[in-house]
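Scroll down for the structure; my scribbles are underneath it.
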Amino acid sequence: MRTAGRRQEGRARGGDHPVPPLSDLLLPLAGMLVPVGIALLVFDGHLWWLGVALIVVGGWLSRLLKRQAGQAAPANGGGTSA
């Protein structure tokens with residue numbers, strides 16, 4: 001698998017930390033869609049539909065990425081097993 005290859009390359013270079021998931025990169029960007037959509041609604045009257053779309057998509061994408069990050073955290077956390 002591709003991720004396992006990256007981990008092995010990282011260990012060969014001396015680093016032992018896992019590669020962060022893509023959702024960690026996209027979550028702050030998705031969170032910025034909502035304020036940009038609000039700014040469009042406030043400052044531009046002609047593209048109101050774009051502002052509404054950015055707010056809806058930003059909220060949905062943020063929720064989806066947070067849920068995925070929450071599900072991936074227990075698998076990567078290495079909790080104790082009985």
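Clustering ILVMFWY residues whenever any of their side-chain heavy atoms sit less than 4.5 angstrom apart, transitively, puts I55 in the very cluster that holds W49. Put simply, L22 and W60 are part of the same group of oily side chains (I, L, V, M, F, W, Y) that touch within less than 4.5 Å, one to the next. A chain of hydrophobic side-chain contacts below 4.5 Å, direct or via other Ile, Leu, Val, Met, Phe, Trp or Tyr residues, connects V34 to V56. Cluster annotation: L54 is not connected to L29 through the hydrophobic network of ILVMFWY side chains, with a link wherever side-chain heavy atoms come within less than 4.5 Å.
Considering all non-hydrogen atoms of both residues, S23 and L65 come closest at CB-CD2, 3.8 Å. Taking each heavy atom of S62 and G31 in turn, the nearest pair found is OG-N, 3.6 Å.
Interatomic distance, CG of L27 versus CZ of R63, reported as 13.0 Å (0.5 Å rounding). Atom CD1 of I38 and atom CG of L33 lie 11.5 Å apart (nearest 0.5 Å). Interatomic distance, NE2 of H46 versus CG of L40, reported as 12.5 Å (0.5 Å rounding). One finds the CG atom of L41 at 9.0 Å from the CH2 atom of W48 (value rounded to the nearest 0.5 Å).
Residue M32 belongs to no hydrophobic cluster, having no ILVMFWY side-chain heavy atom closer than 4.5 Å to its own.
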